[in-house]
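What follows is a set of notes on a single structure, which appears directly below.
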Amino acid sequence: MEILEVTDLEKTYRSPDGEDHRVIDVPRFSMAAGEHMALRGASGSGKTTFLNLIAGILEPDGGDVTIDGQKISAMPENLRDRCRAANMGYVFQTFNLLQGYTALENVLLGMMFGPGADAARARLLLERVGLGNRMNYRPRQLSVGQQQRVAVARALANRPKIVLADEPTGNLDQALAAEAIRLIRGVCDENGAALLVVSHAPEVLEVFGRVEWLGDINRATRSRTVSGPRVASQ
Amino acid sequence: MNFMMWRLRLGVLAIALRSVRHHFLSSAITVLSVALASGLVMAVFAINTQTYNAFTGGPIGFDAVVGARGSQLQLVLNTVFHLETSPGNIPWDLYSGLESNPAVELAIPYAVGDNYEGFRIVGTTEEMFTRFEYQEGRRFQPQSGGRIFDSTQREAVIGSFVSERTGLVAGSQFTPYHGLIYDRQQQHDEEYTVTGVLEPTNSPSDRVVWIPIDGVFRMPGHVLRGAGGVYRAEEGIEIPDEYKEVSAVMLKLRSPQAGFMLDQAINRQGQAATLAWPIAHVMAELFEKIGWVVRILELVAYLVVAVAACSILASIYNTINERRREFAILRSLGARKSTVFSAIVLEASTIAALGVVWGYAIYGAILYGASIVVRAQTGVVLDIFRWDPILLVAPAAIVALGALAGIVPAFKAYSTDVATNLSPTT
Ligand SMILES: Nc1ncnc2c1ncn2[C@@H]1O[C@H](COP(=O)(O)OP(=O)(O)OP(=O)(O)O)[C@@H](O)[C@H]1O
Ligand SMILES: [Mg+2]
């Protein structure tokens with residue numbers, strides 16, 4: 001069964017000089033339940049835009065996104081928010097931690113709008129990302145890599161059916177990156193969640209069976225030149 | 001509401017409280033302005049109610065007052081509340097006539113003309129203590145160790161407030177001053193002995209020095225014009241009744257019909273005197289006349305409330321822009337638009353609620369200050385802890401208004417676009 005189905009998805013931005021600029025034009029894209037895949041693409045090619053469309057944070061200009069049989073792209077905003085809270089975990093490229101709250105509170109807040117706050121699970125996840133001794137630190141008091149790991153813990157907290165991760169290891173060293181991706185994959189497997197990771201890091205890409213270039217699925221971008229050599233899928 | 005919803009409410013509350021704490025200074029200032037507004041509204045209404053009750057229905061005890069021809073209001077203020085000046089005197093036989101009138105249950109003479117350190121000295125009879133009840137079943141009672149005066153002696157019974165202010169106690173001696181306004185130069189020669197301090201009544205009577213009425217007649221320098229000519233009392237010689245005069249006669253009537261009857265006889269047919277009856281009605285008229293002052297005070301209080309509501313609105317509204325990213329993140333985590341909306345409304349209500357809680361302190365402070373002034377001026381004691389519906393109505397209304405004020409910033413937060421506010425640069 002497909003957990004995620006995308007058909008004829010289109011998104012056009014208006015550039016500052018007033019011209020319309022098509023960023024996303026994906027005729028077909030899908031992921032099976034529990035499937036893990038990596039997505040790569042040049043900077044500015046629309047990876048974040050694509051994830052935001054899937055998450056229902058952005059509204060597409062055309063086409064459909066279906067999550068677990070529910071057409072999220074056709075939902076009113078309120079239902080989209082609810083659907084996102086119930087089904088998705090999202091590690092943002094910019095982390096998007098709440099500045100006024102501690103690491104633990106950030107994870108708890110993420111749970112609050114989903115199945116409900118579970119402090120024990122929140123602590124456990126923070127421990128698993130190596131922040132057992134930083135739970136009561138605010139984002140400002142954490143290093144960038146630590147913030148990223150809080151974002152990972154938050155995204156996994158609700159046992160989502162699908163996890164979107166936008167360069168979740170971008171600020172971690174190789175060893176930590178490998179460790180973080182192992183953790184994400186591990187938690188996803190525990191819950192049977194699908195995982196869509198945007199990344200360029202070889203140590204990340206090498207562990208994924210399915211690696212795709214955005215350019216291959218997105219007709220609006222046909223470049224694969226910028227971000228280094230393509231890693232062959234096994 | 002199921003368990004999950006309950007948790008969601010908690011989350012909303014957490015967000016609201018966090019923001020109140022995060023913007024501590026502006027929250028505190030807003031809370032203070034709400035507290036002032038709430039305290040002021042409650043105080044204006046409560047003081048008005050309490051003074052109104054004290055002056056119209058409080059411990060008055062008498063039904064009517066007869067005094068010199070003139071204003072009923074002045075008569076009442078002068079006798080029942082021991083304020084203002086006496087409008088003049090009436091002959092003694094008017095008192096004797098009323099005393100023997102079968103429609104009159106109790107008639108007590110009231111004669112003024114002197115003071116002790118600003119507290120008026122009132123000449124009266126023993127009946128003021130033995131028969132008069134200022135409230136059902138309650139008489140002016142000397143505190144333990146004291147007794148009421150002997151009508152034939154230069155003795156005085158003083159109100160509790162007089163004792164408190166002047167230091168006079170049972171056994172003290174004092175010399176009266178002439179006139180109702182304290183003037184050091186105007187001291188009489190005669191000495192009076194305090195025989196008792198009265199139990200507090202929390203009424204204007206606490207500010208009175210009571211002496212036998214004969215003492216007023218015989219005070220050196222006083223002249224009696226009861227018979228037209230001038231008569232000076234002399235030591236040891238009985239004063240003929242026709243020379244005596246009093247400022248007023250306080251009446252307790254047997255029935256309301258008696259009031260109509262006396263009104264007819266004294267106010268409509270008579271020329272010599274004025275009957276102020278019913279006293280509560282005369283005072284209610286006064287409050288009607290000065291009602292506009294109260295209205296203005298209320299209006300000012302309402303304006304302060306409006307300003308406080310606006311400051312809630314402005315203080316939160318100003319934070320919305322800086323918090324747009326926070327709202328976007330909350331939304332991206334699955335918080336609904338309505339959740340963000342209610343968090344802001346809750347934040348506004350929380351500030352208002354904190355404000356009204358402190359408002360009770362402000363209310364207490366205002367009432368405390370006002371009660372000192374009112375007591376010193378009139379003897380009426382305001383009770384800070386007296387229950388008044390306004391103490392619930394005003395805070396509830398202000399919290400509701402606070403929530404209402406929160407709707408404007410809440411709507412601004414509600415309309416935050418998630419995607420454009422998610423990136424850290426905006
Ligand atoms: N709000 C916007 N208005 C106009 N153009 C936008 C907007 N957001 C993104 N774009 C444009 O859309 C394109 C895709 O942006 P996106 O953030 O999806 O890229 P990306 O693939 O995630 O890049 P990176 O690897 O650097 O994160 C970019 O060229 C960007 O300029
Ligand atoms: Mg991106």
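Naming: A, B, ... by sequence-line order, numbering from 1 per chain.
In this structure, B/Tyr363 has its ring center no closer than 6.0 Å to that of B/Tyr360. Outside the 6.0 Å centre-distance limit, the rings of B/Phe327 and B/Tyr414 are not counted as a close aromatic pair.
In this structure, the portion of A/Glu105 lying under 4.5 Å from any heavy atom of chain B is its side chain and not its backbone. Residue contact with chain B, scored on non-hydrogen atoms closer than 4.5 Å, is absent for A/Arg80. Only the side chain of A/Phe92 comes within contact range of chain B, judged by heavy atoms closer than 4.5 Å. Within the 4.5 angstrom heavy-atom criterion, no atom of A/Leu79 approaches chain B.
For B/Arg18 and B/Glu347, the salt-bridge test fails: no basic side-chain N is under 4.0 Å from an acidic carboxylate O.
Among B/Arg21, B/Arg331, B/Lys337, the residue making the largest number of heavy-atom pairs under 4.5 Å with chain A is B/Arg331. Top candidate by heavy-atom pairs under 4.5 Å with chain B, chosen from A/Ala85, A/Ala86, A/Gly89, is A/Ala85.
For the pair A/Arg134 and A/Tyr137, the distance from NZ or CZ to the six-membered ring centre is under 6.0 Å and the angle to the ring normal is within 45 degrees.
Counted within 6.0 Å of CH2 on B/Trp292, heavy atoms from surrounding residues, nucleotides or ligands total 12 or fewer; the atom is thus considered open.
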